[in-house]
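Here's the structure, in structure tokens; my notes come after.
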Amino acid sequence: MTRKRKPQRRRYGSVRRLPSGRWQARYPDTNGDLRAAPQTFETKTDAEVWLSQTEADQTRGDWVDPNAGAVNFHEYAAKWIDERGLAETTDELYRRLLRLHLEPCFDELDVNEISAAKVRTWRAERLKATGATTVAKSYRLLKAIMETAVDDDMIKKNPCRIRGAGREEADERPVATVGEVFDLADVIGLRWRLMILLGAFASMRPEELAELRRKDVDLDGGSVWVKRAAPELTTGKRVVGNPKSRAGKREIVLPPFVLTDLRQHLDWFAEPGPEGLVFVGERGAPFRRSTFGRKYRKARNKVGLPDDFRFYDLRHTGNTLAADTGAKLKDLMVRAGQSSERAQLIYQHSKRTHQRKIAANMDADVRRQRQEATEREEQVGELATVHRLAVRASASEAPEASTESAERKRG
């Protein structure tokens, strides 16, 4: 009689049939404790295959504790922001994106419950409700948080895998002409005239202008130094710190035509002393976005610029004029305070002489455009004058013709 062979004991984990008829797999975690698989299986073979895959993951070091990601997303995301040591403006932006765009969908989920399908659904719904730029920012934030969760061995893969979803493709911004910039500067008034000119022809950001001080102005060298910035939070708090990027700290050589306005402004409106702010309000308070915004919108409407033309768009005018001088891309980036890792590798070094050449060429171009505009106005005036004289001459001849007609009748 042949003895029945006993089934070999599994070397790793175990499987058993449940009263429901389905199969359960159990496996040892990295501490040696036996755990049940997160799901049951239809067949014994399916359970054994799952065990083999889990063993392989542990051997390779790819195994992720399924309980490690059982952390509320809101708590994890808030902690993620706290630990970044962000600038106040960035901290405010991230918390606003989290509150308005991420938490409504993911707030009640654990980190390991956020799947690629849920992310796709969330993004599609957000695109219907708000702008594409805001959705892209929110997606990048979510992706960064979930990538840290991968690094923390909380999840195996980042569920944010939508190609191009974090790319911002903003609409083409309007560019003001030289004439429109000067019209805006004339209408807004003497106190804020220089701010318009520097925003356009020096490509300075509003937060850089808000923190510009007398010691940053070199009248002899015809330049200004951007060393700090003072962006304003949505709460109204003024945050003084470094510019937007490392490249934001820069010297900007000014077109000579701006220097007259610069000297005049320093004499009339700037605070005294080296630390004095260049731009202050009528009552001597530091520049406030809300107060200036009302004046800017009123002047913009009077000039006839589009309603969506922001102060920030003035930079495009200056950048376009600088580009039209034939300057190298690196020189343009230095002037505008822009940087990227890729650009640092491929663009040549920008020298101060290059910046002076850009400023001089911009000066010549602006003066030429202003002169052409003046000549056109004078030509229109001359045509109008000739036209008026012709009308008067025609009217003066009418009595003479009437007199000749009367004499013929008497003759």
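Just so you know, these numbers use all the heavy atoms, side chains as well, and skip hydrogens, waters and symmetry mates. Only a predicted model underlies this, so the values are computations on that prediction, with no experimental measurement involved.
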With side chain to side chain contact (heavy atoms under 4.5 Å, CB included) as the test, would you mind laying out the steps for D152 and Y76 before giving the verdict?
CA-CA 11 Å; D152 290 343; Y76 186 75; 2.7 Å; yes
Pair Q371, E375: side-chain N/O donor-acceptor within cut-off below 3.5 Å:
yes
In terms of heavy-atom contacts, R167 and A136 come closest through O-CB, 3.8 Å
Got a second to check how far D186's CG is from R193's CZ, nearest 0.5 Å?
5.0 Å
Enter the distance from E147:CD to C160:SG here, rounded to the nearest 0.5 Å.
9.0 Å
Answer yes if the ring centres of H265 and F279 are under 6.0 angstrom apart, and no otherwise.
yes
Would a 4.5 Å heavy-atom cut-off, applied to side chains only, mark V181 and F201 as touching?
yes
Any side-chain donor-acceptor pair under 3.5 Å between T148 and D151?
no
Examine distances only and state if a side-chain atom of R191 and a backbone atom of V280 form a donor-acceptor pair shorter than 3.5 Å.
yes
Could you check whether K237 pairs with E88 (Lys NZ or Arg NE/NH1/NH2 to Asp/Glu carboxylate O, under 4.0 Å)?
yes
What closest approach, in Å, do P28 and L34 show between heavy atoms, and which atom pair accounts for it?
N-CD1, 3.8 Å
Would you call E211 and R228 a salt bridge, taking side-chain N to carboxylate O under 4.0 Å as the test?
yes
What verdict does the side chain to side chain contact (heavy atoms under 4.5 Å, CB included) test give for V15 and Q24, after you've listed the backbone C-alpha separation in whole Å, the side-chain angles of each residue and the deciding distance to 0.1 Å?
CA-CA 6 Å; V15 296; Q24 182 188 60; over 6 Å; no
Atom CZ of residue position F309 - does it have more than 12 heavy atoms of other residues, nucleotides or ligands inside 6.0 Å?
yes
Any chance you could lay out the side chain to side chain contact (heavy atoms under 4.5 Å, CB included) test for R26 and R35, step after step, and finish with the verdict?
CA-CA 5 Å; R26 293 190 293 175; R35 293 189 179 196; over 6 Å; no
Taking every heavy atom of P243 against every heavy atom of V226, the minimum-distance pair comes out as CG-CG1, 4.2 Å
So, taking the atom named CD1 in I358 and the one named CE in M362, what distance separates them when rounded to the nearest 0.5 Å?
8.5 Å
Whether the side chain of D267 engages the backbone of Q264 through a donor-acceptor N/O pair (distance < 3.5 Å, no angle test) should be reported.
no
Determine whether L212 and L277 satisfy the following criterion, side chain to side chain contact (heavy atoms under 4.5 Å, CB included), listing intermediate values before the conclusion.
CA-CA 6 Å; L212 189 66; L277 291 169; over 6 Å; no
Look at E275 together with K215 and state whether they make a salt bridge at an N to O cut-off of under 4.0 Å.
yes
d(L262 CG, L198 CG) to nearest 0.5 Å is 6.5 Å
In short, A25 meets A47 closest at the heavy-atom pair CB-O, 4.0 Å
If we ignore hydrogens and angles and just use 3.5 Å, is the side chain of T317 paired with the main-chain N or O of A176 as donor and acceptor?
yes
Do F292 and I188 come close enough that some side-chain heavy atom pair is under 4.5 Å?
yes
State whether W122 and R126 meet the cation-pi test: NZ (Lys) or CZ (Arg) under 6.0 Å from the six-membered ring centroid, and within 45° of the perpendicular axis.
no
Any heavy-atom pair between the side chains of L97 and T134 that's under 4.5 Å?
yes
Is there a side-chain contact between V178 and L321 (heavy atoms, below 4.5 Å)?
yes
Does the plane of the ring in Y27 sit parallel, tilted or perpendicular to the ring in W50? Use 30° and 60° as the thresholds.
perpendicular
Under 3.5 Å, side chain of Y94 to main-chain N/O of S138, donor-acceptor pair present?
no
Just by distance, with hydrogens left out, do K143 and N158 show a side-chain donor and acceptor under 3.5 Å apart?
no
Residue pair T133 / E168, side-chain donor-acceptor N/O under 3.5 Å
no
Does the structure place the NZ or CZ of R370 under 6.0 Å from the centre of the six-membered ring of F182, at an angle of no more than 45° from the ring's axis?
yes
Run the salt-bridge test on E282 and K295 with the 4.0 Å N-O cut-off and return the result as yes or no.
yes
Are any side-chain N or O atoms of E113 and backbone N or O atoms of D110, one a donor and one an acceptor, separated by less than 3.5 Å?
yes
Determine, for K79 against D82, whether the closest basic-nitrogen to carboxylate-oxygen distance falls under 4.0 angstrom.
no
Please check: side-chain N/O of R84 versus main-chain N/O of W80, any donor-acceptor pairing under 3.5 Å?
yes
Are side-chain N/O atoms of R205 and Y312 paired as donor and acceptor at under 3.5 Å?
yes
In terms of side-chain geometry, is the basic nitrogen of R288 or E232 positioned less than 4.0 Å from the acidic oxygen of its partner?
yes
Heavy atoms of A77 and I145 approach each other most closely as CB-CD1, 3.8 Å
Say you draw a straight line from CD1 of I155 to CD1 of I114; how long is it, rounded to the nearest 0.5 Å?
8.0 Å
Could you check whether any side-chain heavy atom of L184 comes within less than 4.5 Å of a side-chain heavy atom of Y296, counting everything from C-beta outward?
yes
Taking 4.0 angstrom as the limit, do D216 and R213 come out as a salt bridge?
no
Quick one: does R300's side chain have a donor or acceptor within less than 3.5 Å of a partner on D308's backbone?
no
Nearest 0.5 angstrom please: R22 CZ to Q39 CD, how far?
9.0 Å
Check whether any side-chain N or O of N72 sits under 3.5 Å from a backbone N or O of E75 as a donor-acceptor pair, and report yes or no.
yes
Under 4.5 Å between any side-chain heavy atoms of V258 and L194, yes or no?
yes
For A116 against R161, the heavy-atom pair lying closest together:
CB-NH2, 3.7 Å
Do K156 and V150 have side chains that get closer than 4.5 Å, going by heavy atoms?
no
Before accepting this row, confirm whether a basic side-chain N of the pair R250/E208 lies closer than 4.0 Å to the acidic partner's carboxylate O.
yes
In the structure I gave you, are the side-chain heavy atoms of D313 and V175 within less than 4.5 Å of one another anywhere?
no
Taking R214 for its side chain and L266 for its backbone only, find out whether a donor-acceptor pair lies under 3.5 Å.
yes
Please check if the side chain of S52 supplies one atom and the backbone of E48 the other of a donor-acceptor pair under 3.5 Å.
yes
Does R95 pair with D91 as a salt bridge, N-O distance under 4.0 Å?
yes
